[in-house]
Every structure is written in C-alpha cells, then in structure tokens.
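Data first, discussion second: the structure below is written as structure tokens.
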Amino acid sequence: MADEGKHSYRDTLNLPETNFAMKANLVQREPQRRKQWAQEKIYAQIRAARAGAPLYILHDGPPYANGDIHMGHVINKVLKDFVVKYRTMAGFDAPYIPGWDCHGLPIESKVVTDLGPKAREMPKEQIRRECMKYAGKYVKIQARQFQDLGVFGAFDDPYLTFKPAYEAGILEVFAHLVGKGLVYKQLKPIHWCVGCETALAEAELEYKDVASPSIFVNFPATDETVQRLIELGLVPDERARQAVVSFMIWTTTPWTLAANLALAVHPYLDYTTVRYEKNGRTYVSVVATDRVQAVVQAGKLPAGQYVVGDKTVRGTELEGLRYQHPFVENNPTDKDAYVVILADYVTTEDGTGLVHTAPGHGLEDYLSGQKYGLAVYSPVQDDGTYDDTVPTWLRGRSVLDVEKDVNGWLQEHGWLFARGQIQHSYPHCWRSRDPVIFRATEQWFIGVDKELPDTGKTLRQMAMENVEQVRWIPAWGQKRIAGMLESRPDWCISRQRSWGLPIPVFTAPDGRTLLTKESVLAVSKHVAQHGSDSWFTHSPRQILGDGFALPEGFNLDELQKEENIFDVWFESGCSWYSVCARREHWPVPVDLYLEGSDQHRGWFQLSLLPALGAIGSAPFRSVLTHGFTVDEKGMKQSKSLGNYVSAQDEVTKYGADILRLWVASVNYQEDVRCTDELIGRTQDAYRKIRNTLRYLLSNINDFEPQQQAVPYEQMFAIDQWVMQELQKLIAEVTEAYDESVFHRVFSLLYNFCTVQMSSIYMDVLKDRMYCDAADSPSRRSGQTAMYHVLSALVRLLAPILVHTMEEAWEALIHKPEDCPSIHLAHMPQVNPTLAEAGQEAKWQKLMSLRDEALRVLEGLRRDKIIASNQEASITMQCTPEDAAALKEFGLSQFAALCIVSEAKLAEGAAQTTVTAGKSPHAKCQRCWNYWPSVGTDPEHPDICARCAAVVTP
RNA sequence: GGGCUCGUAGCUCAGUUGGUUAGAGCGCACGCCUGAUAAGCGUGAGGUCGGUAGUCCGAAUCUACCCGGGCCCA
C-alpha cells in the first residue's frame, strides 16, 4: 500500500520523546505534589539552603481569621509568594511567616450570637475561650487554603495575635509609647445603648427608618454679638433694640441641647437674617441664605409676614460670635462655650445652615470641639439619665423621654420657632433593638500631635517625613497615606469588648490611674508567661509582681484593673516588633509590606505610627499595594450582587497554577477584573507554555550537555539567534521580577514561548532535529540552544507555575544545578559575552523577508498550488542591500528559516519582492523536502542525499 | 461631598520627554499540516485611544470640564 511507503522511514527519525505529559491534570496532580513537598519539608530545606545568605524580608500582613478565603486573598498571597520565591531563587534568604489577626469584634460577635442568651451570664474568660477556639479553627482552614495555592511558608508556626509572645510584644511597644508620654485618657463620644448600658461598635448597629422630632430653635445672641451683627450690616440698628436677635439651629435630638456648647457655620456659605413676629415678639434670626425658604416654610410664616435681610455675610464673618444657651444659665464646663465656630460639614441640604454642636454627643461635634478647645461635655450617665450638671427640671430624667419637656420649655420661653417630624435612618442596638445614643465616655488615645521627648517632633511630623523615605509601589501611595496622616485625629486605641488584649491600666480607689512604662513592661512579662487571659483571672499583685515598685500613693492590694481592650489595629500594627524584631531578630525596617490599597489607612499607617513612636523609624523600606477584584464591568464584587467568584471553586475547577498564572497576567496595581471566564481563558496560555516546555524536553531527551554541547561560535546562526533572544529574555524578566511587575514577567515569557519558540524556532528546527543524524553537530547545536532555553524558562517560570515547573524540573534529565526541587535552584544569569550587540538589525531584516515569503506562500496555498511550505521553491528578487543580507546568512539557511525546500536569489531589484512556485524536484520520503539530491543514492532512490547518509549505517 | 486612583482592539497588556498609516499575544474568521496530534503552522479582520472643549504646525500622550468605575473617608 502507498501509505506503508510513506511511513517506512518514520523509525529512522529522531522523534521527540518525554514523560512530561501534554495533559496537565492539575486538579489531580497538584495535591500530590504538595503532599510530596510537605513530606520533604520543602520550606525547611529552602531555609537551610539559604542560611547565611543576605536576608530579604517580606513581612506578611495578617488577614482576619474568619471565613473562607476569597479572590482578594488569592491575589494577595500569590503576589507575596511570587516575591518570596523569586527572591529565594535570586539567592536571598527570604523567609515567609504567615500571620493572622485573631482578636476583635467580628469573631466576638459571631461567637456571642452563636452562644445565644446564655452569653450574657458567661464570664469574659469563657467567652474569650470560645473566641480563641473559633479563631483557631479559621486559622487552620485558611492556612490549608493558602497552601493549596502553592504558597510556601512557616505554616506550622505562624504568628497569631492572641499568642502570649505576640501579646507581650504589643505591650512592649505600648510601654515605649507610654514612656514617651504619647498615651492619654480623654472623653470621646461613642455609640451607647442605654438599655444594655454598653458601648457599641459600628458593626453592632442596625439602621432603621424611624420618625424623629425635628425642631428649629433660636439661640439668643449676646449684646456684644448683636453689636457686631449691626456692624456687619446684618441687623439694622433700630430693629435690634426692639427685636430678639438670635441664631437659629435645627436638630432631631432635642435631648442633646442641654449639652450644647457651640454653633457651627460653614466658612463659605452666605448667611442672612429673617425678621418675623411670633406671639407678640419680633425676632431677627440668622440663617443660611440658601435655607431661608425652607425655614419660612417650616415656621409656616405667611407671605408678607416676614422680611428677609438684604445683606449677606460669609460664615467666616460669624466665627467667634457669642450666644446664650436657651436654658442653661452658666457654662457647665471649665472651657470656653456658647460660641460660633466654623465647620465644613455644614450643608444646605437640611436645617438652617447653623449646626447645634454638642461635643459630648456627636463625632463631628467632638472633632470640632477639639479644634476649638471646647470641653467634651456629656451630662448623661450610663443608664441614660441626666446628671446633676443640667438644669433641675432635667436632672435624673432619661434622655430618651425628655423630648416633650424640652420642646415645651423652649415653646414656653419663646425659643422654639417650629417643630415637626422627620423620617430618617437611625442607629439601633442590634441586641436590644433600642435606639442608640452618642455619649462621651473615657477612652485611651495615642496623641499624634504630642512632641516626643527624644526627637522633639510629633508622631504626625515624623510620619510625614518618614513617608518620603519609603518606596511606595505604585508611587501615588505616598500621596495617599500622607493625605491621611495630615488630617488624622488622635488614635483612639481603647474598645469596650472582651476578645482582645487588655489595656494594662490600673486604677486606685481615688480614681488615679497607674500607667507607666514600668507597669506596662511588668504586665508584658506576666502576659508573656500566662497569656492575656490572666488579666481577668489574676490579681494586680500577681500580675505586677510582689516586688513591683509602685509610684507614690499607690497600694498594690487596692488597685483595680481596667477592662478596656486594645483596638485590633494596634495589635496588628505592632507585628513588625512582635514578629520581626522580637521573635525573629530581623532588622527593622524590613524590606517589604504588600497588601491591598485599603491598607494605606489601615495596617500601613497603623504600623507606621507605633514604630515611629517606639523606635523612631518606619517598619518598612517599601510598600507595595494591589487593587481589588471587580466584575467584568468593573463593578465591585459581592455575594449579594451575584457577581462574586468563589476562590474555592476556581481552585478546584482549574488548579492553583492556573490561578497563579492568572494573577501574574494582570496588572495588580489597578482593579482586577475577575470572572470565571477570565480565569478559564488563562488555561490557553498555560497550555501553550506547557507544550513549549514539553517540546523542548522531548527534543533534548538524548542530549548530554556536559559532553555534547556545541560552543556558541560553532552553533548554527539561528541557534545563535535563539541564544541571544534568550539573553534578552533573562535580562528583561529579571528586571521585571526585581521591580515586581509580574504581568510583564508573564507577557515576556508567554510571548517568548509563542513567538520565538513555538512559531519560529521550534518549527524551523524540526528538520534538523528529526532528520539529521542523532549525534550530528547540526542537531547538537540545536539541542544546545534548546537546553539553555529550557533550563532558563523552567526557572524563570518557577515562582509563578510552582507545581508545573517542579514537574518539568523532574523531567529535565540533566539539570543546570544539582538540587532536588526547582524552588531551591537559582535564577539563570545573563551571559554577557553572548549578549553581543549588532545582530538585531540583521535579524529584523531576515525576519521581515521571511514574513514576506510566508505571505506569498499563503497565496500559493490558497490557489491550491502547494499545501505545505516544504513543497515550495521561492525566489527572492532583492535590492542589493537585501541580497547582501541573504548571501551573508546563506540561502539554504534562509530556506530552512522559511521551511521551504529551496530559496533562490535574483539581485538588482529596485524593491524586494518574492515569487514562489511548486518545487520542480522530487519529494524525499524521509524528510519531505523537495531537494535535487533525491534519488542520487541508488540504495535509497526515494530519499535525498542527506537522509541517505543518515540511514546508511 | 472630600482625598487618592483608573478608563487604549472581544480579552490581557505595550505605547520614552506630545510627531509619520496606535502595537503585541490571545481570542475570532479563513486556510494548511497530520513525524509536538485533546498538538503545530500560516493569512486575515478587529481600536481613533471614556466624552466634550481647548492649547499646539501636530495629542492616546498637555489643560479644563463632563461621564463611568474603584479604594478610603464623610
């Protein structure tokens, strides 16, 4: 049969062979590989192998130990693993200690909710035990899920913020801050449930639409202020004498009026007056010009019964003016009060354009109060009743049911302009369902504007300076964090919860607090041994120790322990100390922090401040941030929106290497579009890369580099070209890795596989590889190049395709380095002598001539003159310049480059063109070339001379 | 509402200091090969650069405004 003849030479060819399978089967094979790594203790091996090498520290930011990981975690952990694995292969000792944020409200809330009503009777220690169990459970789950992504690290000994050693570290940092006088106690308004008599966090609030009172109240101006208003032209002189001149405010919480200390106006809004008669009196009230109509409507003033002033002034003109409180006779605080202040949160959306300000009962009010040096006045007790500093008719009454009394009093005395109701969303306690109030309580703060004794600068100043020394990737991170540092208030570090590290404050019976560097260090020592639970189970004497030298006037046995815990941000903000400095003795600042861009406000800033306070330096040299996952339209992802991608599903569907390759392919600095389809498409790239490696592996199967490598000078020109392309690739990929531009790493490597390798080199090489004698110099030349390419590609890809490259490393018979795992190997280096210049233009010319030839051949194929290019003979009608290039390269080499059987040259054309036709020669049945030499060997009439020589023993 | 930030072919990315017909790979369409075969090769069609108005001899690249996203605040 004819077919038999066609295939009779197949056995004489050097066809590719490898046990590196074409089908990856990642989902099945990856877990086996991980198991093997675990058994071989790969992370420990790497540590041992790099011991003594220069350190590169990427310090892990702790995710919250709650729930399964999501795609955001995948991006974060995989990027970190790229860095760590690359630095390791670049020769650094790059340990990775994963950590978890274990304390905090979300866990406590979940645990308390799961426990149900019995939680209320449980002692704190017991709730804390449950919380620890819960956190521990999710640490295990997430650790498993992170490792399933191929991440290496000290997962058998991670850092957990509830471990005694970690907690002790936090307290040591805190001790430094206390010692430098940065820590202080002050009243601050927080959400408070009067039913539960407890502080609530934002997450414990439920917002419900309710009807609230809405009242407009006049605050009478002082005589001096009236004078000033006359001078400003707001109030005509003659009117002032016979009218009540006042500032009109609007509020939905009449009970807070008792704590009013100021009125806020917007600096750039216009203010004017409304004059009207009510109950036989004439009023002139200052309101924002844009609110006049709304005010008139609220007061139901008939047209013609009121007069709007013709003069307006800016809010800045009103700053510092004074008024009398409508029902509090004397300023109950020891600071200034009853003054007009400026605030840019004043709007014209509702109210009068003047905002009633009670620093003890609102967050904005509080911040304004701080700015103007007002007291944080909160005359409300734990149970929601007024204390004795308010007028007698309010004392002891609950703030939740004084609305009628307040309104009535204001009405009676002529200060109530209008009253109504308003529907709005108001916070309620998640447990009691009661409306929540804002109430000032004592909290602990770290002052950012207090001068440090050692530097003479404030934390804010130091932060602003240090931020310029840090390398931010991308660079705008600096602007972002600087903006936040510029305007941030003092850091409130206390929380009224159970699941956290107690703030080590003792109080004496007379109310004085004991908080010194020494006392904190003593507690730290105790916590290091017994854990923070002991704060609840041990006495102050046991905690501080019998020998503790108390300051004057304190008695060990009379001390009480405060029951505030630290803001969890303070805990994680000390990880640079607890983990890097204290546990590992690494030099701080460390090399890199790498997190999502939300951490500019969070972990980066809140690590920077404690570090500056404690050691006077930032904890990091560089900070890299990534964006967030969004859906295909660029919108944020959430389970409720239904555009959520489950990380678990993706891993089990495609395998970790696909996810990792996907992470490498996108620009993480921006938002990352993430859909199952997008991740699925990465499989195409993976297959191309895998097949490229497989082809290279299968063609050097019989190659022994030590004995059979061909020196560069003796290599075929196209093989030299590949060697040069490889040097470029190594240089560019290395640079991209160094700069952490992983999507460039990806595109460089992927394009190299696709273009240089698959579409050009490996195709061109087939004739030589398959048909030349196995041990011929021509074949060995190609194998030498392929070997170098392969050994470089495998290592360059290893930080990304961690499983697949380990598999390829295994399949590589002669490794460039004798190590059992590719993750112990070193990155390929550029060979400077090969990276010679001057070849680029030559190859660009040759490749463009090749492109032209291929286009012409495509025409022949379309006309059914040829099928494969090997059937063709091309003629290059060349310009003298192109002809010279071709002659220098060699026409037979050019034919090989185009994979045609013959290339001829015709010189002297004005413009280079290509003509082609079917080869006139016979087809060699072995190499399929149409060469003149076919049939010249009588022993083998159906093959060419080259093939005849090869098959002849 | 504020701070920071993003918007180039269906997708993922390039596009130095503004300068000839805006590039690559993938995908897609069409075709070839069957000695990388649940592979491989070739050819080709796709963007006027989120929009508008400016500056300039000339703008994806500079300015202003607008639209639509994201993160963090309010």
Side-chain angles (χ1 to χ4, degrees), chain A residues 6-7 9-18 20 22-23 344-345 347 349 363-364 367 474-484 486-488 596-602 605 625-637 661-662 664-667 669-673 675 677-678 680-685 687-688 690-699 741 743-744 746-755 757-760 762-767 769-771 850-851 853-864 866-871 898-899 926-928:
Chain A
K6 271 190 178 178
H7 289 277
Y9 289 99
R10 196 176 199 280
D11 294 342
T12 70
L13 299 172
N14 315 302
L15 291 179
E17 201 183 320
T18 177
F20 186 78
M22 176 176 279
K23 193 160 164 22
D344 50 19
Y345 51 79
T347 72
E349 272 161 35
L363 207 54
E364 287 179 330
L367 293 171
W476 50 257
Q478 187 193 328
K479 261 195 273 181
R480 193 161 198 232
I481 195 166
M484 292 168 175
E486 214 164 9
S487 62
R488 69 150 300 136
S597 61
D598 54 336
Q599 301 302 335
H600 284 113
R601 169 160 291 273
Q605 187 196 176
T625 55
H626 59 257
F628 283 69
T629 61
V630 293
D631 71 8
E632 68 272 25
K633 296 190 197 85
M635 310 293 254
K636 73 155 154 206
Q637 295 188 302
L661 192 61
W662 169 74
S665 75
V666 297
N667 180 359
Q669 294 192 359
E670 296 169 16
D671 293 324
V672 176
R673 283 198 245 185
T675 65
E677 194 194 340
L678 254 20
R681 278 185 210 169
T682 310
Q683 288 178 116
D684 293 334
R687 281 194 212 101
K688 188 72 185 185
R690 187 179 176 93
N691 270 322
T692 301
L693 293 171
R694 179 175 129 91
Y695 186 83
L696 294 172
L697 277 165
S698 63
N699 275 294
V741 189
H743 70 267
R744 184 163 157 74
F746 167 81
S747 71
L748 283 167
L749 289 167
Y750 184 34
N751 273 354
F752 186 83
C753 286
T754 306
V755 180
M757 284 296 110
S758 188
S759 135
I760 301 175
M762 297 189 320
D763 217 29
V764 166
L765 214 52
K766 281 176 188 169
D767 180 75
M769 295 311 299
Y770 298 174
C771 305
R850 174 180 184 261
D851 286 341
L854 293 181
R855 256 189 296 278
V856 171
L857 289 164
E858 185 62 21
L860 271 126
R861 191 163 17 252
R862 192 187 56 231
D863 296 340
K864 305 290 177 199
I866 60 164
S868 87
N869 284 2
Q870 273 179 302
E871 293 173 40
C898 301
I899 320 183
R926 181 168 177 274
C927 69
W928 298 346

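Across all strands shown, U16(B) has no partner, as no Watson-Crick or G-U wobble contact with both distances under 3.5 Å is found. Under the Watson-Crick and G-U wobble criteria, each requiring two contacts below 3.5 Å, nucleotide C49(B) is left unpaired. When both distances must be under 3.5 Å, the Watson-Crick or G-U wobble mate of C4(B) is G70(B). The partner of A29(B) is U43(B), by the rule that a Watson-Crick or G-U pair needs both atom distances under 3.5 Å. The partner of C62(B) is G54(B), by the rule that a Watson-Crick or G-U pair needs both atom distances under 3.5 Å.
One atom, CG of Asp767(A), and another, P of C33(B), lie 18 Å apart when rounded to the nearest Å. When the C1' atom of C26(B) is taken as reference, atom CD of Gln683(A) falls 14 Å away, rounded to whole Å. Note: CG (Asp671(A)) to P (C71(B)) measures 7 Å, nearest angstrom. At whole-Å resolution of the value, CZ in Arg687(A) and P in A36(B) are 19 Å apart. The CG atom of Leu748(A) sits 16 Å away from the C1' atom of C26(B) (whole-angstrom rounding). Going from atom CG of Leu854(A) over to atom C1' of U43(B) covers 10 Å, rounded to whole Å. For the pair Lys864(A) NZ and G42(B) C1', the interatomic distance rounds to 13 Å; values are reported in whole Å. Look at CG on Leu13(A): it is 10 Å from P on A36(B), rounded to the nearest Å.
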- Task: Sugar-phosphate atoms are those with a prime plus P, OP1 and OP2; base atoms are the rest. Using that split, label each nucleotide of nucleotides 2-14 of chain B B, S or - for protein heavy atoms under 4.0 Å, 5' to 3'.
- Result: -BBSS----SSSS

- Show your working on salt bridge (charged side-chain N to carboxylate O under 4.0 Å, His left out) between Arg681(A) and Asp684(A) and close with a plain yes or no. CA-CA 6 Å; Arg681(A) 278 185 210 169; Asp684(A) 293 334; over 6 Å; no

- Give the C-alpha distance, both sets of side-chain angles, the deciding distance and a yes or no for side chain to side chain contact (heavy atoms under 4.5 Å, CB included) between Val630(A) and Val672(A). CA-CA 6 Å; Val630(A) 293; Val672(A) 176; over 6 Å; no

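For Arg861(A), the side-chain hydrogen bond (donor to acceptor under 3.5 Å, both in side chains) partners are Glu858(A), Asn869(A), not counting sequence neighbours. Under the ring pair (Phe, Tyr, Trp, His ring centres under 6.0 Å) criterion, Phe628(A) pairs with no residue at all, not counting sequence neighbours.
Comparing the same atom, P, in C6(B) and in A14(B) gives a spacing of 13 Å after rounding to whole Å. Look at the P atom in both G23(B) and C66(B): the space between them is 34 Å, to the nearest Å. Rounded to whole Å, the P atom of U12(B) lies 29 Å from the corresponding atom of A53(B). For the P atoms, the distance from C13(B) to G7(B) is 11 Å, rounded to whole Å. Separating the C1' atom of A22(B) from that of A9(B) is a span of 10 Å, rounded to the nearest Å. Across the P atoms, C62(B) and U17(B) are found 9 Å apart, a figure rounded to whole Å. U34(B) and G15(B) are spaced 40 Å apart, taking the C1' atom of each and rounding to whole Å. Look at the P atom in both U20(B) and G58(B): the space between them is 14 Å, to the nearest Å.
Look at Arg601(A) and Asp598(A) and you find no salt bridge, because none of the NZ, NE, NH1 or NH2 atoms lies under 4.0 Å from a carboxylate O.
Picking from G35(B), U37(B), C73(B) the nucleotide with the shortest atom distance to the side chain of Arg601(A) gives C73(B). The side chain of Asp684(A) approaches C26(B) more closely than any other nucleotide in the set C26(B), G31(B), G35(B).
Side-chain contact annotation: Glu17(A) with Ser698(A), donor-acceptor N/O pair under 3.5 Å absent. Between Thr18(A) and Arg694(A), the side chains place no donor N or O within less than 3.5 Å of an acceptor N or O (distance only, hydrogens not considered).
Applying the 90° criterion around 0 to the glycosidic angle, G46(B) comes out syn.
Using a 4.0 Å heavy-atom criterion, one finds that Asp763(A) contacts the sugar-phosphate atoms exclusively. Within 4.0 Å (heavy atoms only), Arg862(A) reaches no atom of the nucleic acid at all. Arg926(A) comes within contact range of at least one nucleobase, with a heavy-atom separation under 4.0 Å. Within 4.0 Å of Glu364(A), counting heavy atoms only, lie sugar-phosphate atoms of the nucleic acid but no base atom. At a threshold of 4.0 angstrom between heavy atoms, the contacts of Phe628(A) are confined to the sugar-phosphate backbone, with no base atom among them. Using a 4.0 Å heavy-atom distance criterion, Lys766(A) is classed as a base contact. Nucleic acid contact class of Thr754(A) (heavy atoms, under 4.0 Å, all strands): sugar-phosphate only. As judged by a 4.0 angstrom heavy-atom cut-off over every strand, Ser758(A) is placed among the base-contacting residues.
The side chain of Lys688(A) places an N or O atom within less than 4.0 Å of a non-bridging phosphate oxygen (OP1 or OP2) of C41(B).
By the criterion of a centre-to-centre distance under 5.5 Å and near-parallel planes under 30°, the ring of Trp928(A) forms a stack with the base of G35(B).
Residues Thr629(A) and Asp671(A) fail the side-chain proximity criterion, which asks for heavy atoms closer than 4.5 Å. Using a 4.5 Å heavy-atom cutoff, the side chains of Asn14(A) and Met769(A) are not in contact.
When each of Asp598(A) and Glu858(A) is assigned the nucleotide of RNA chain B bearing its nearest heavy atom, the one mapping closer to the 5' terminus is Glu858(A). Both Met757(A) and Ala867(A) sit near RNA chain B, but only Ala867(A) has its closest nucleotide nearer the 5' end.
For Arg10(A) and Tyr770(A), the positive end is not near the middle of the six-membered ring at less than 6.0 Å and at most 45° from its axis.
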